[in-house]
Amino acid sequence: MASGQVCVSNIVTGTYDEIYAVVCQIPEGRVATYGQIARLINRPRGARQVGYALAALSDDKQVPWHRVVNAQGGVSRRAKGGYEEYQQILLESEGVTFDESGRIDLSRYLWRSSDCT
DNA sequence: CTTGTGACTGTAC
DNA sequence: AGTACAGCCACAA
């Protein structure tokens, strides 16, 4: 599938920007956990920062933040409610199926950064 | 520089 | 399986 990766152009090597870059690299139909992303940017204990970075994310950036879920494979609550449902809809639109409890099968949809080359 | 907070994670009960 | 506590990093005031 022709995935559209068009956000890396605005990325700057800083702190949050690295997180955005990783999120942008997540292909469609795949999801990544905060801890996974945190490790990718060399911040194995910065899982919190990843979520905080997405919280501070602005609409100007085309970052698929909806592909980022917690370690339980579920959508975390945001500071401004209303978007948790929006995220699930976007993921379902990409082919991701949710569990009865509203959770994703990470063993099946978890994105692998170190695979296929 | 110190304090507070947050879209998290892992362990323990 | 769900709830509770502590740890961690980065940014704003």
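In what follows, chains carry the letters A, B, and so on, assigned in the order in which the sequence lines appear, proteins first and then strands, with residues in each chain numbered from 1.
- If you measure from atom CG of A:L54 to atom P of B:dC8, you get 10 Å, rounded to the nearest angstrom.
- Counting to the nearest Å, the P atom of C:dC9 and the CG atom of A:D17 are 20 Å from each other.
- Nearest approach of A:L110 to A:A32, heavy atoms of both residues: CD1-CA, 3.9 Å.
- The OH-P distance, from A:Y52 to C:dC11, rounds to 9 Å in whole Å.
- Contact annotation: A:R45 side-chain N/O to B:dT9 OP1/OP2 distance is not under 4.0 Å.
- Atom-to-atom, CG of A:L106 to C1' of B:dT9 comes out at 13 Å; the value is rounded to the nearest Å.
- Which of B:dA7, B:dG10, C:dA10 sits closest to the side chain of A:Q87 comes down to B:dA7.
- If you check distances only, the side chain of A:R48 does reach the base of C:dG7 with a donor-acceptor pair under 3.5 Å.
- With contacts defined as side-chain heavy-atom distances shorter than 4.5 Å, the pair A:Q87/A:V69 qualifies.
- In this structure the side chain of A:R67 reaches within 4.5 angstrom of the side chain of A:E94, judged on heavy atoms.
- Nucleotide C:dC8 holds its P atom 22 Å from the CD1 atom of A:I37, rounded to whole Å.
- The CD1 atom of A:I19 sits 13 Å away from the C1' atom of B:dG6 (whole-angstrom rounding).
- Taking atom CD of A:Q49 as the reference point, atom C1' of B:dT5 lies 10 Å away to the nearest angstrom.
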Run the side chain to side chain donor-acceptor pair (under 3.5 Å) check on A:H66 and A:Q88 step by step: do they pass?
CA-CA 8 Å; A:H66 56 264; A:Q88 181 171 337; over 6 Å; no
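- When the C1' atom of C:dG7 is taken as reference, atom CZ of A:R43 falls 17 Å away, rounded to whole Å.
- Put simply, the side chain of A:I104 does not reach to within 4.5 Å of the side chain of A:T97, judged on heavy atoms.
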Which atom pairs link the protein and nucleotides 11-13 of chain B when you take only N or O atoms and keep those under 3.5 Å?
none

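- Counting heavy atoms from C-beta outward, A:W111 and A:L40 have side chains that approach closer than 4.5 Å.
- Ring geometry for A:Y86 against A:W65 counts as tilted: the plane angle lies between 30° and 60°, on a 0 to 90° scale.
- Counting any heavy atom pair closer than 4.0 Å across all strands shown, A:R103 reaches sugar-phosphate atoms only and no base atom.
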